[in-house]
> 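Submitted below is the structure of interest, expressed as structure tokens.
Below, chain A is the first sequence line, B the second, and so on; all start at residue 1.
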Amino acid sequence: MFSPTNFRQVQQMQAPAQFSGGSWKQKKTIFVRKFKSNVREFLYFFSLWGKTLQKIGGNFGGGVQSYFIFLRFLVVLNFVSFLLIAGFVLIPSIVFRSVDIKPEITADVLCFLCADCLKYDPNPQGLVVFYEFFLDLLSGTGFMEYSYMFYGYYNNTVVVTSLVGSDFSYNIPLAYLLTAVFYFAFCLICIIARDVRSYSMIVFTGWDYGCLGSKATKLKQRNIYYRLQVDLEEERLKKHAASLTLCNKVTLYSLLCVKLAPCACFLGLFYTYLPSIVITTGNFLVPLLCDQIALLEKYPPSATVVVALLRAVVLRLVSLGILLYTLWNQIVCHGSTDTCPCHYNHSNYQCWETSVGQEMYKLTLFDLLVSIALLVLVEFPRRMVVDHWSCNLTQWVGRQEFVVPSNVLGLVYGQTVVWTGALFCPLLPLINTVKFVILFYCKKITLFYNCRPALRTFRSTTSAFFFLAVLLFGWILYFNVASLRIIDSASPNRIHPSFACGPFRSFLRMWKIVPDSLAILPKGTRDFLFFIGSQAFSVPLFAVSCVFMCYFIALASIYGKSVAMLRAQLKLVCVFFFLIITVK
Amino acid sequence: MGTTASQLAKDSLSEYQELTFLTKQEILLAHRRFTELLDRDERNHPNPRVPMEVILTLPELKSNPFKTRICQVFSTSEDKDGSLTFEDFLDLLSAFSDSATLEIKSHYAFRIFDFDDDGTLDCGDLEKLVNCLTGETEDTRLSSEEMRQLISNILDESDIDKDGTVNLSEFQHVISRSPDFVSSFKIVL
């Protein structure tokens, strides 16, 4: 007989008795639960670098771990984007090219006189010397220019007839544009969608009872410790930011602008020469200067870090913005229409989109090369010097510390460059994926070999929330550049897509492909779509949404009030019962 | 009745299968591992009781920060010293098994976290819980300021009736929102 003591104890605590007989419903719940956990384990198998991240978190703290988690997120984002682009733009282009479908050469009605607008000659002359090949590889010219890498190679093929007997149609320009739009919308969704963490969940469900061995246990304990610390720091920071008085905020922002102005002027001069190399050097040097200036100011510690970070963010993105503005000025014509029949500077830029793409490609590549060069030429020697040569100077300099905020800014900057360039260089997300993977391993190596272990004092602003907010800021910068300036610019300074290359050569504006394609649709669908976009539909829709919103807000406030009332009642009932029991 | 000698009687086996969430193989394995923990002379005892220190030599429990609490919760000894009989051991494995329901697991998790055995999780229990989770070493201990902030956040989130403690229903409410709890609250021999 099974001992009755267990059941008695169980009844005392009013726990459900343990028996496996159970009903069919219980068996079904168990089966569903097991299936879900199996699926989750299977998906976890595919999560990249899980063990590495645990090791990093346990040894170097939550801040450093959050940098690597952010890097992994960007790798996945870029790879999925590349798959999107490959599926809808790259592969159809390859297929159509191999089937030898000729591009349409329809000259725009405004430019029927200018034959040199249609001239585009990117092919290299015969054999190239090896060093030229290498230079071409680094700057995207020569053999790389007229390839799937850049905008110029894609044709404006529109296949409408049946190829294999079935009703098949594919519009390359439309696919190119819509893929770009969806790619950016997808990135925005990924940035904004975030799972909410809660402290009680971490504490009550955080421990894995299957964890064996003292080493794994210690690692897990340290992971939990750092995770709690990061969340608590983030909360303190948010509270601090919310509690800053208006006066403090105004002072902070004005100081920020004052510091930035001379920096921007200084850099503006340089950007006419050697843009990519100088931007990277500037990004490296100016934050150091700002850090020194920050030491002289007397803010509370967390505010200092936030201000320094904001400054560095704005600086890096402003430098990118200045580059884009410079390019814009060079491409746009500054004279009347007579001197500039193609609406862009066709003498210097026969295919200006490819040139923009090349600049972004160069920036990405140089960023990676500089990171690797820093690793090899600065960080390893520094560690060797500090370890093998002990004198006062080396002890003062000390081993490297992995500074998370500036590394994260590097990632955000790289990603913003890719977003800006993805429209003109469709393979840039793939290159960026490879670049970030290489960067992951390089940073991991430098972390484990060259850096100090985690310090006691914990630095704030290492939270994922902050990284994603900064990334969103970069996204907004791209959005301004791409959508307002290029795809559908309404300003008189707009640039016509290149006549000689690319999928949009016959259009006045890139966006024009969408209304044109809609015109081909059958009348019923077209009328429906126009109706949805028209005012007759959107205004009533807006009004109805407002009504629903008011309803839900009212409902939420009513529920809130009833919850508060029920809580008060619960307290009263508990006190009442307590009194009765004590009286009895 | 307990085990006889070092072999499990067939009717006991089927009875245990009926009354716990364990399969036949798991029960036989548990019996083998439990017998290995006994001394030579204890093996002939009808219902041997293994002291806590010996139970804690099991590799599955050795490095678990909650090992003492787990033994104390499942122990049926009068002096609450954490010693386990074979049936207590089966109880333990059943609660931590794959097939146990969320209700059972959350009930036992609550009892494990209730360090002072008063039926609710108050600030002292929560503090001990957090210290177990983060490790007792000097450099992984939260400062008292952080601990206070953390405990007040936990109580804000989970204490519905605002009495300053987390009772069983509130605890189960938090647990039910977590998808990982059932798979992490598992000890398999």
Side-chain angles (χ1 to χ4, degrees), chain A residues 1-3 5-7 9-10 13-22 26-27 29-30 33-34 36-37 40-41 198-218 220-222 224-226 228-229 231-233 235-236 454 456 563 566-567 570-571 574, chain B residues 1 15-22 59-60 62-66 76 85 87-88 91 94-96 98-104 107 109 111 113 126 129-130 133-135 139-140 142 146 149-150 153-154 157-158 160-163 171 174-175 177-188:
Chain A
M1 273 298 285
F2 200 95
S3 150
T5 343
N6 287 338
F7 280 126
Q9 239 185 0
V10 153
M13 298 301 305
Q14 284 163 9
Q18 292 195 45
F19 61 98
S20 72
Q26 206 174 18
K27 285 206 175 98
T29 333
I30 292 176
R33 193 164 39 85
K34 271 200 176 148
K36 276 193 199 160
S37 74
R40 219 174 291 124
E41 269 180 40
S198 93
Y199 294 102
S200 35
M201 284 260 258
I202 298 175
V203 167
F204 292 148
T205 64
W207 187 258
D208 181 11
Y209 291 79
C211 203
L212 290 182
S214 64
K215 208 164 142 191
T217 309
K218 280 212 180 70
K220 183 99 185 110
Q221 280 176 330
R222 272 208 286 230
I224 294 181
Y225 169 66
Y226 287 128
L228 286 173
Q229 266 206 328
D231 287 349
L232 289 169
E233 279 274 349
E235 193 193 330
R236 267 204 292 270
R456 275 286 183 86
V563 163
L566 284 169
R567 275 207 185 126
L570 203 63
K571 260 203 191 127
C574 289
Chain B
M1 225 42 124
E15 207 183 308
Y16 290 147
Q17 249 186 298
E18 214 31 59
L19 290 166
T20 66
F21 287 104
L22 301 169
E60 288 83 6
K62 196 156 62 162
S63 34
N64 195 316
F66 299 104
T76 50
T85 63
E87 280 164 6
D88 297 336
D91 252 349
S94 173
F96 278 100
D98 226 348
S99 343
T101 61
L102 178 68
E103 243 181 348
I104 295 278
H107 168 80
R111 283 185 63 195
F113 295 156
L126 290 174
L129 170 60
V130 172
L133 282 176
T134 60
D139 53 345
T140 54
L142 285 175
E146 287 169 336
Q149 189 188 351
L150 179 62
N153 281 332
I154 294 175
E157 286 169 9
S158 21
I160 299 177
D161 56 4
K162 299 292 174 210
D163 60 352
F171 181 78
V174 173
I175 295 289
R177 285 182 286 150
S178 157
D180 295 326
F181 175 70
V182 172
S183 49
S184 64
F185 197 80
K186 200 159 61 164
I187 293 179
V188 178

> Below 4.5 Å from any heavy atom of chain B, which atoms of A:L228 appear? Answer side chain, backbone, both or neither.
side chain

> Could you tell me which residues satisfy salt bridge (charged side-chain N to carboxylate O under 4.0 Å, His left out) with B:D98, sequence neighbours excluded, listed by chain and number?
B:K186

> Which heavy-atom pair separates B:S158 from A:F204 by the least distance, and what is that distance?
OG-CE1, 4.2 Å

> If you round to the nearest 0.5 Å, how far is CD of B:Q149 from CG of A:L232?
4.5 Å

> Give, as side chain, backbone, both or neither, the part of B:L133 having an atom under 4.5 angstrom from any heavy atom of chain A.
both

> Does A:G213 offer a backbone N or O that forms a donor-acceptor pair with the side chain of B:S63 under 3.5 Å?
yes

> Under the 3.5 angstrom rule, does the side chain of B:E157 hit a backbone N or O of A:Y199 as a donor-acceptor pair?
yes

> Does any non-hydrogen side-chain atom of A:K571 lie less than 4.5 Å from one of B:D161?
no

> Under a 4.5 Å heavy-atom cutoff, which of B:A100, B:P59, B:P65 has the most pairs with chain A?
B:P65

> More than 12 foreign heavy atoms under 6.0 Å from NZ of B:K162: is that the case here?
yes

> To the nearest 0.5 Å, how far apart are CG in B:N64 and OG in A:S214?
12.5 Å

> Looking at every heavy atom in both A:L212 and B:E60, which two are closest together, and how far apart are they?
CD2-CA, 3.5 Å

> Just how far is it from atom CD1 of B:I160 to atom CG of A:L566, taken to the nearest 0.5 Å?
11.0 Å

> To the nearest 0.5 Å, what is the distance between CD (A:Q229) and CG (B:L150)?
11.0 Å

> What pair of heavy atoms forms the shortest contact from A:Y209 to B:F96, and how long is it?
CD2-CE2, 3.8 Å

> With only heavy atoms counted, which part of B:V174 is less than 4.5 Å from chain A, the side chain, the backbone, both or neither?
both

> Which atom pair, heavy atoms only, marks the closest approach of A:M201 to B:S178?
SD-CB, 3.6 Å

> What residue in B:I175, B:V182, B:V130 has the most heavy-atom pairs under 4.5 Å with chain A?
B:V182

> Go through the atoms of A:L570 and report whether side chain, backbone, both or neither lie under 4.5 Å from a heavy atom of chain B.
side chain

> Given that the side chain runs from C-beta out, which part of B:F185 has a heavy atom under 4.5 Å from chain A: side chain, backbone, both or neither?
both

> Name the option with the most non-hydrogen atom pairs under 4.5 Å to chain A; the candidates are B:T85, B:L102, B:L142.
B:L142

